K.L.:
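Structure provided below as structure tokens; questions to follow.
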Amino acid sequence: MRFAGWRRVAVTAAVVAATPFVVAGSCRPGVAKACDVRHEGQRVEAGQVVGMLRAVCDPPPQSHTLRAELEVRVADTWIARGRAAVVSVIPDATGFPVEVRAECREGTYRVHVVVEGTGPAPSAVPFRWEDTGPEHTYALVDCAE
């Protein structure tokens, strides 16, 4: 009985200790990361790889600049391909779509994103973070679509 009581206290302490990490990831007011990027996939269109994502913030920050580009893996290195999209628009909870394109060649692609800005008032904390989307491999036959 005494052991079960200690176990309950230990579990409660673990939940309480983890709570700041759960709240920090939830994008609620008062936390540093109020913005996120939702990767919405890739496709081949007219001989180009198209990477799609959505920038979202809740609450909206005071400033927000997003740079997204497609990268292709060459050996163990990721190399930027195509033209980067640079968008200086403040997203809301619905967000806005961003597409990046590059000529399709056989290989493994991903979308790389860098986001910078100033968080929501009253804290107005500057932020900068990077994210990469899922990898997708295209064969020559895929690029002909």
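Fair warning: this is a prediction, and the values are worked out from it, not measured in the lab. Nothing fancy with the numbering, it's 1 onward along the sequence.
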K.L.:
Apply side-chain contact (heavy atoms from CB on, under 4.5 Å) to E130 and H112, showing your working.
P.N.:
CA-CA 7 Å; E130 297 185 36; H112 179 247; 2.8 Å; yes
K.L.:
Taking R67 for the side chain and A84 for the main chain, is one N or O donor matched with an acceptor at less than 3.5 Å?
P.N.:
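Absent.
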K.L.:
Please list all pairs meeting salt bridge (Lys or Arg N to Asp or Glu O under 4.0 Å) that have one or both residues in residues 109-119, counting only residues at least two apart or in different chains.
P.N.:
E71-R110, E116-R128
K.L.:
Just verifying a value: how many Å separate Q42 CD and D142 CG, rounded to the nearest 0.5 Å?
P.N.:
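Output value for this atom pair is 11.5 Å.
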K.L.:
Are the side chains of E69 and R81 in touch, meaning some heavy atoms are under 4.5 Å apart?
P.N.:
no
K.L.:
Applying a strict under-4.5 Å side-chain criterion to I, L, V, M, F, W and Y, I'd like to know whether W129 and V98 cluster together.
P.N.:
yes
K.L.:
Using side-chain heavy atoms (C-beta onward) and a distance below 4.5 Å, is R105 in contact with Y138?
P.N.:
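No, their side chains stay 4.5 Å or more apart.
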K.L.:
State, with a plain yes or no, whether a side-chain heavy atom of F96 is found less than 4.5 Å away from one of V87.
P.N.:
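Yes; the side chains approach each other to less than 4.5 Å.
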K.L.:
Can you pull out every disulfide (SG to SG under 2.5 Å) where at least one residue sits in residues 87-145? Sequence neighbours excluded, please.
P.N.:
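For residues 87-145, and leaving out neighbouring residues, the disulfide (SG to SG under 2.5 Å) pairs sorted by first residue read C104-C143.
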K.L.:
Side chains of D131 and H39: is there a donor and an acceptor less than 3.5 Å apart?
P.N.:
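The answer is yes; a qualifying pair exists.
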K.L.:
How close do P91 and A55 get, heavy atom to heavy atom, and via which atoms?
P.N.:
CB-O, 3.4 Å
K.L.:
State, with a plain yes or no, whether a side-chain heavy atom of V111 is found less than 4.5 Å away from one of V100.
P.N.:
yes
K.L.:
Spell out, yes or no, whether V89 and L66 are grouped together once hydrophobic residues are joined by side-chain heavy atoms under 4.5 Å, including indirect joins.
P.N.:
yes
K.L.:
Got V56 and R38 here, is their nearest side-chain heavy-atom distance under 4.5 Å?
P.N.:
yes
K.L.:
Can you check whether V37 reaches V115 side chain to side chain, under 4.5 Å on heavy atoms?
P.N.:
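In contact.
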K.L.:
For P120 and P60, work out which heavy atoms get closest and say how close.
P.N.:
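Closest pair (atom of P120, atom of P60, distance): CB-O, 3.5 Å.
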K.L.:
What I'd like to find out is whether the side chain of L70 reaches to under 4.5 Å of the side chain of W78, using heavy atoms alone.
P.N.:
no
K.L.:
Checking the side chain of T118 only, and the main-chain atoms of S63 only, is there a donor and an acceptor separated by less than 3.5 Å?
P.N.:
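Not confirmed, T118 side chain does not pair with S63 backbone.
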K.L.:
Apply side-chain contact (heavy atoms from CB on, under 4.5 Å) to E135 and Y109, showing your working.
P.N.:
CA-CA 6 Å; E135 299 173 13; Y109 291 78; over 6 Å; no
K.L.:
Are E99 and R43 close enough, and set up right, to give a salt bridge (charged side-chain N to carboxylate O under 4.0 Å, His left out), and what steps lead you there?
P.N.:
CA-CA 11 Å; E99 286 190 353; R43 68 179 188 273; 3.5 Å; yes
K.L.:
Evaluate the side-chain proximity of T132 to V113: yes if any heavy-atom separation is below 4.5 Å, no if none is.
P.N.:
no
K.L.:
Using the six-membered ring wherever Trp is involved, compare the ring planes of H64 and F127 and label them parallel, tilted or perpendicular (cut-offs 30° and 60°).
P.N.:
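Rings of H64 and F127: tilted, 30 to 60°.
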